[in-house]
Amino acid sequence: MKVSHITFSEIADLRNGVNYAVADQGAVVKIVGVGDFQSRTEMSSFDNLAQIRLRSKLSLDDELQDGDLLFVRSNGNKSLIGRCMVIRNPPEAVTFSGFTIRARLDKSRVLPDYIALVFQGSLNRHMTLAGGGNGNISNLNQALLMAMPVRLPSLEIQSILVGIISTWDTAIQKTEQLIGAKEQNYTGLVQRLIAVGSKSAAWRNVHIRDIAERIQRQRGGSEYPLLTISSASGFIRQEDRYSRYMAGESAKTYTLLRSGEFSYNKGNSKRYEFGCVFQLQSYEAALVPSVYVSFRLHESVCTAYMRHLFAADYLKPQLRALVKTGVRNNGLLNIRPDEFMGTTVPLPTHDKQIRIANVLDAARGEIEIMVEQLAALRTQKRGLMQKLLTGQWRLPIDNPVETTDDRS
């Protein structure tokens with residue numbers, strides 16, 4: 001098996017995306033922007049792209065073709081920089097934005113899917129090394145891409161490698177679909193067990209302040225982990241979310257929360273527009289920001305039932321009604337603690353709360369197992385790519401391996 005070691009410039013023609021202005025009066029075209037990447041590794045549907053006008057007609061160099069690679073060149077979110085996707089069978093008059101770079105490949109030597117895998121596995125490392133070890137790269141440019149080292153086996157071997165990795169991609173996709181289906185099932189269960197049940201005359205609607213006590217205790221002289229609430233993950237360590245210690249002197253005023261107690265983070269997010277409530281479960285005790293509304297439920301209330309009710313964003317209509325002036329400068333909604341504690345929740349009998357919680361716990365447990373399986377598949381794929389694309393693992397072929405360097 002002959003393997004060439006080249007730079008990306010030897011197999012690709014690069015071009016920055018188009019720039020345009022609202023006043024332009026040229027050709028009307030569709031455009032792929034950074035927002036269209038998301039988590040995609042390929043684009044085959046172009047129906048929902050934005051349309052723009054150019055200064056003149058669209059040139060062939062600026063029109064996307066089948067097999068082109070598109071890279072994020074710059075973006076406000078630095079984690080997106082360098083992201084790559086393959087363009088599949090675009091219609092006529094589709095171009096790409098100035099925040100991206102297009103690579104047109106020499107298909108007599110390389111498969112687009114193989115090169116996309118190479119960049120998925122090593123571009124970020126290459127960018128970091130090129131930046132002198134600084135991982136905080138703010139822009140990708142053609143020079144960095146052109147200097148990217150590429151291990152290039154034969155087209156036959158490239159095809160085999162792509163096929164092997166695609167097996168993991170298929171498993172990942174199917175697992176993601178299963179998680180989506182189970183999430184829908186969970187949402188349906190919440191709707192049937194809580195939202196519908198709450199309309200029963202046998203259920204009570206009670207104020208949170210009547211079934212809980214607000215917590216404002218201080219830590220004293222002891223040390224505890226500092227936590228923050230992520231709308232996607234619940235309680236997480238502050239340094240894990242911000243990559244550094246954020247609290248400083250303000251930690252002295254943090255609230256000491258104990259296992260089983262709740263906090264309302266009144267910061268808005270895409271997932272929870274009017275804030276979210278989470279229960280502390282993974283720590284015996286921890287410190288949380290004093291701007292959170294923290295509380296402990298009475299023993300007559302099933303905490304697991306309430307955890308699912310809050311996760312379903314049941315309070316959203318009431319919290320929306322409480323927001324008077326939007327988001328303050330510190331990113332928090334203008335909802336006072338007494339207003340939050342005055343919201344109401346539906347309560348069946350205690351036995352009914354437990355039965356509902358058990359059903360929802362089981363459904364949520366299935367989702368968590370699938371999420372762990374998905375993470376394992378992604379880890380396996382990364383390891384497989386590292387071994388196969390670098391040649392650490394050789395394919396079981398009859399011909400001996402011969403390595404050459406096209407630059408020698």
Side-chain angles (χ1 to χ4, degrees), residues 7-9 11-21 29-52 54 58-59 61-91 93-105 110-150 162 165 169 172-173 176 232 243 270 378 381-382 385 389:
T7 60
F8 192 47
S9 62
I11 54 170
D13 170 69
L14 304 181
R15 187 173 179 84
N16 286 348
V18 301
N19 295 305
Y20 59 94
V29 299
K30 289 186 174 183
I31 188 166
V32 180
V34 172
D36 298 306
F37 277 72
Q38 300 180 27
S39 59
R40 291 189 179 103
T41 56
E42 65 175 54
M43 173 172 279
S44 56
S45 176
F46 303 84
D47 295 338
N48 297 322
L49 294 179
Q51 285 191 325
I52 62 166
L54 301 177
L58 180 64
S59 71
D61 285 336
D62 291 329
E63 186 174 22
L64 288 172
Q65 298 180 9
D66 181 49
D68 283 348
L69 298 186
L70 210 55
F71 298 87
V72 176
R73 181 174 67 84
S74 60
N75 184 256
N77 182 352
K78 293 182 179 180
S79 66
L80 291 176
I81 295 170
R83 187 161 294 182
C84 168
M85 66 178 175
V86 182
I87 302 299
R88 308 279 193 204
N89 300 311
V94 177
T95 189
F96 48 105
S97 82
F99 296 104
T100 65
I101 299 174
R102 184 267 293 148
R104 186 154 294 159
L105 304 173
V110 65
L111 298 178
D113 291 286
Y114 172 76
I115 292 299
L117 289 176
V118 169
F119 278 101
Q120 287 178 36
S122 57
L123 178 56
N124 286 338
R125 179 176 179 274
H126 176 66
M127 289 170 61
T128 301
L129 292 174
N134 178 13
N136 196 23
I137 302 293
S138 59
N139 284 283
L140 177 64
N141 56 56
Q142 290 193 25
L144 277 171
L145 279 176
M146 290 172 66
M148 174 77 181
V150 176
V162 168
I165 300 300
D169 286 332
I172 289 171
Q173 183 181 27
E176 289 173 338
S243 300
K270 290 183 179 180
R378 287 173 172 163
K381 178 189 172 182
R382 285 194 298 270
M385 288 172 61
L389 298 180

| message | Looking at Thr95 and Asp62, would you say the former's side chain and the latter's main chain have a donor-acceptor pair under 3.5 Å? | response | yes
Calculate, to the nearest 0.5 Å, the distance between atoms [atom1] and [atom2] belonging to [X] and [Y] respectively.
X: Leu14; Y: Leu144; atom1: CG; atom2: CG; value: 11.0 Å
X: Arg102; Y: Asn16; atom1: CZ; atom2: CG; value: 10.0 Å
X: Arg83; Y: Ile81; atom1: CZ; atom2: CD1; value: 11.0 Å
X: Lys30; Y: Asn48; atom1: NZ; atom2: CG; value: 7.5 Å
X: Leu49; Y: Ser97; atom1: CG; atom2: OG; value: 11.0 Å
X: Phe96; Y: Ile87; atom1: CZ; atom2: CD1; value: 9.5 Å

| query | With a cut-off of 6.0 Å (strictly less than), are more than 12 heavy atoms of other residues, nucleotides or ligands near CZ of Phe99? | reply | no
On a heavy-atom basis, which atom in [X] and which in [Y] lie closest, and how many Å separate them?
X: Glu63; Y: Asp68; result: O-OD2, 4.3 Å
X: Phe71; Y: Gly82; result: CD2-O, 4.0 Å
X: Leu389; Y: Tyr114; result: CD2-CE1, 3.7 Å
X: Pro90; Y: Leu64; result: CG-O, 3.4 Å

| request: Output all residues satisfying side chain to side chain contact (heavy atoms under 4.5 Å, CB included) with Asn19, sequence neighbours left out; order by chain, then residue number. | output: none
Does a side-chain heavy-atom distance below 4.5 Å link [X] with [Y]?
X: Val72; Y: Leu140; value: no
X: Val118; Y: Phe8; value: no
X: Met85; Y: Val32; value: yes
X: Arg378; Y: Ile172; value: yes

| request: Go through the steps for Leu69 and Ile115 under the test side chain to side chain contact (heavy atoms under 4.5 Å, CB included), then give the verdict. | output: CA-CA 9 Å; Leu69 298 186; Ile115 292 299; 3.4 Å; yes
| Does Arg88 have any salt bridge (Lys or Arg N to Asp or Glu O under 4.0 Å) partners at least two apart in sequence or in another chain, and if so, which? | Glu42, Asp113
| request: Using salt bridge (Lys or Arg N to Asp or Glu O under 4.0 Å) as the criterion, list what pairs up with Asp66, not counting sequence neighbours. | output: none
